[in-house]
Protein chains: 2
Amino acid sequence: METVERLISGAQELLWERGYVGTSPKAVQLVAGAGQGSMYHHFAGKAELAKVAIGRSAEEMRAAAEEQLGGAGTARERIAAYLGREREVLKGCQIGRLAADPEVVADPELRAPVAETFEWLRGRLTEVVAEGKQNGEFPETLDPERTAATIAAVLQGGYVLARAAGSPEPFNLAVQGLNDLLNPTT
Amino acid sequence: METVERLISGAQELLWERGYVGTSPKAVQLVAGAGQGSMYHHFAGKAELAKVAIGRSAEEMRAAAEEQLGGAGTARERIAAYLGREREVLKGCQIGRLAADPEVVADPELRAPVAETFEWLRGRLTEVVAEGKQNGEFPETLDPERTAATIAAVLQGGYVLARAAGSPEPFNLAVQGLNDLLNPTT
DNA sequence: GTCTATACAGTGATAGAC
DNA sequence: GTCTATCACTGTATAGAC
């Protein structure tokens with residue numbers, strides 16, 4: 001793997017763990033096995049490297065979600081698959097984590113990929129829910145846009161509760177609770 | 001207001017905005033209008049001051065939640081009141097925010113008040129949902145513990161989506177979506 | 001209790017040699 | 001492209017005077 005790639009994936013890893021504020025160029029160089037001069041040759045500075053790394057993580061998150069949401073099965077099945085897929089719950093969401101970082105939120109260049117990723121996710125979930133409504137899987141009264149936001153929020157909030165607890169349990173409970181509400185035993 | 005109090009509430013403010021990793025003793029002294037020596041006279045260091053400040057924020061969050069959850073009305077009404085109460089959505093949750101901080105999660109002393117606050121909140125919501133079941137407000141099939149986790153997660157995740165978007169809208173959508181699911185128009 | 005002085009590592013970057 | 005040197009600044013304290 002080339003130096004540039006190691007710098008990017010090193011930055012992705014550290015941004016995930018420590019956020020932008022908590023990640024220093026030196027720490028990135030260390031995990032990437034690259035020197036000071038090497039990093040500043042490839043990137044103008046911390047912000048530029050972070051921008052690239054965040055973009056990379058955003059792509060990964062979209063691809064991972066699309067794997068279930070665009071897969072086979074009914075709308076209900078695809079949502080259940082998305083909710084139930086294996087996750088590193090205690091690490092949290094690599095993109096959602098950045099919404100807590102003051103400097104990411106303050107810098108339009110850094111916030112953009114974060115905003116776009118969640119816009120995409122909510123839009124994609126809205127489509128799947130709407131599709132399920134048309135097929136009679138969901139009641140006519142269900143609002144797809146609201147429901148999509150709720151689904152995304154349960155996952156992001158589940159990570160928060162799990163990290164706070166130091167255990168994946170609250171995440172699993174929240175997801176099961178949402179599943180129950182979406183699939184009432186009429 | 002005395003110096004100690006100004007230091008504590010200054011730390012609360014900065015921890016909310018920037019997290020533990022992003023908050024320096026010097027910055028706290030600045031917003032508190034206190035000198036270096038003054039801070040280190042009252043607190044052993046950054047971690048100890050943070051511990052006190054987090055405990056204070058935890059109390060505040062509990063009190064705010066209990067205002068609606070322990071108020072008048074049916075279980076459904078109290079949950080709706082809790083969900084709908086006015087919030088500084090773009091600032092996020094002062095306690096939930098800390099679950100993203102690597103050094104808070106890593107230090108048992110700092111994580112404890114965060115963990116306890118969410119344990120309390122989920123427990124309190126569990127009680128209210130259970131009460132609603134007994135009164136026939138919620139279906140017999142509803143699991144109180146799961147539902148409680150889902151409610152807490154929607155709020156925490158709503159903050160994440162809102163900060164990512166730079167707008168309270170996703171938070172409001174997520175909460176409305178949850179409300180719809182909890183109050184189906186049978 | 002509060003102040004100033006001092007210390008020493010880390011941050012984020014630039015300069016110039018190789 | 002990568003390395004080492006250097007820099008001004010901040011982070012997190014400690015020491016001792018007042």
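Letters go in sequence order (proteins before strands), and every chain restarts at 1. Nothing here was measured: the structure is a model prediction, and the numbers come from that model. The figures here come from the full heavy-atom set of this structure, side chains too, leaving out hydrogens, waters and symmetry mates.
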Round to a whole Å and report the spacing from [atom1] of [X] to [atom2] of [N].
X        : N      : atom1 : atom2 : value
A/Leu49  : C/dA13 : CG    : P     : 11 Å
A/Glu2   : D/dT2  : CD    : C1'   : 15 Å
A/Met39  : C/dT11 : CE    : C1'   : 11 Å
B/Glu48  : D/dT12 : CD    : C1'   : 15 Å
A/Gln36  : D/dC7  : CD    : P     : 15 Å
A/Tyr40  : D/dC3  : OH    : P     : 15 Å
B/Glu103 : C/dG10 : CD    : C1'   : 13 Å
B/Leu30  : C/dC3  : CG    : P     : 13 Å

- [ ] Tell me which residues in residues 21-29 of chain B put a heavy atom below 4.0 Å from DNA chain C, sorted by number, or none.
- [x] none
TODO: Evaluate the side chain to side chain contact (heavy atoms under 4.5 Å, CB included) criterion for residues A/Trp120 and A/Met61: first the C-alpha distance (whole Å), next the side-chain angles of each, then the deciding distance (0.1 Å), finally the verdict.
DONE: CA-CA 11 Å; A/Trp120 173 85; A/Met61 179 171 160; over 6 Å; no
TODO: Ignoring backbone atoms, test whether B/His41 places a side-chain nitrogen or oxygen under 4.0 Å from the OP1 or OP2 oxygen of C/dC3.
DONE: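 B/His41 to C/dC3 OP1/OP2: no side-chain N or O under 4.0 Å.
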TODO: For B/Leu182 and A/Leu181, work out which heavy atoms get closest and say how close.
DONE: CD2-CD2, 4.0 Å
Task: Closest non-hydrogen atom pair, A/Ala80 against A/Asn179 - done: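 Closest heavy-atom pair between A/Ala80 and A/Asn179: CB-OD1, 4.5 Å.
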Task: Helix axis bend for the helix from C/dG1-D/dC18 to C/dC18-D/dG1 - C1'-based end axes, five pairs, 10° rounding - done: 0°
Task: Closest nucleotide among D/dA13, D/dT2, C/dG1 to the A/Thr3 side chain - done: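 So the nucleotide nearest the side chain must be D/dT2.
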Open item on the list: Counting only side-chain heavy atoms from C-beta out, which of D/dT12, D/dA5, D/dT2 sits nearest to B/Lys46?
Closed with: D/dT12
TODO: Indicate yes or no: does B/Arg85 engage B/Glu67 in a salt bridge with an N to O separation below 4.0 Å.
DONE: no
TODO: Report yes or no: do B/Gln12 and B/Arg56 form a side-chain donor-acceptor pair below 3.5 Å?
DONE: no
Open item on the list: Quick one, B/Val129 with B/Ile79, criterion side chain to side chain contact (heavy atoms under 4.5 Å, CB included). Give me CA distance, side-chain angles, the key distance, then yes/no.
Closed with: CA-CA 8 Å; B/Val129 172; B/Ile79 289 173; 3.8 Å; yes
- [ ] Evaluate the side chain to side chain contact (heavy atoms under 4.5 Å, CB included) criterion for residues B/His42 and B/Ser38: first the C-alpha distance (whole Å), next the side-chain angles of each, then the deciding distance (0.1 Å), finally the verdict.
- [x] CA-CA 7 Å; B/His42 294 289; B/Ser38 192; 4.1 Å; yes
Open item on the list: Show me the pairs that pass side chain to side chain donor-acceptor pair (under 3.5 Å) and involve residues 157-172 of chain B, at least two apart or across chains.
Closed with: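 Side chain to side chain donor-acceptor pair (under 3.5 Å) check on residues 157-172 of chain B returns B/Arg87-B/Tyr159.
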- [ ] Would you indicate what B/Gly35 reaches in the nucleic acid, counting non-hydrogen atoms under 4.0 angstrom: base, sugar-phosphate, or nothing?
- [x] sugar-phosphate
TODO: Would you sort out whether B/Thr150 and A/Thr150 count as a side chain to side chain contact (heavy atoms under 4.5 Å, CB included), showing the intermediate values?
DONE: CA-CA 10 Å; B/Thr150 304; A/Thr150 304; 5.9 Å; no
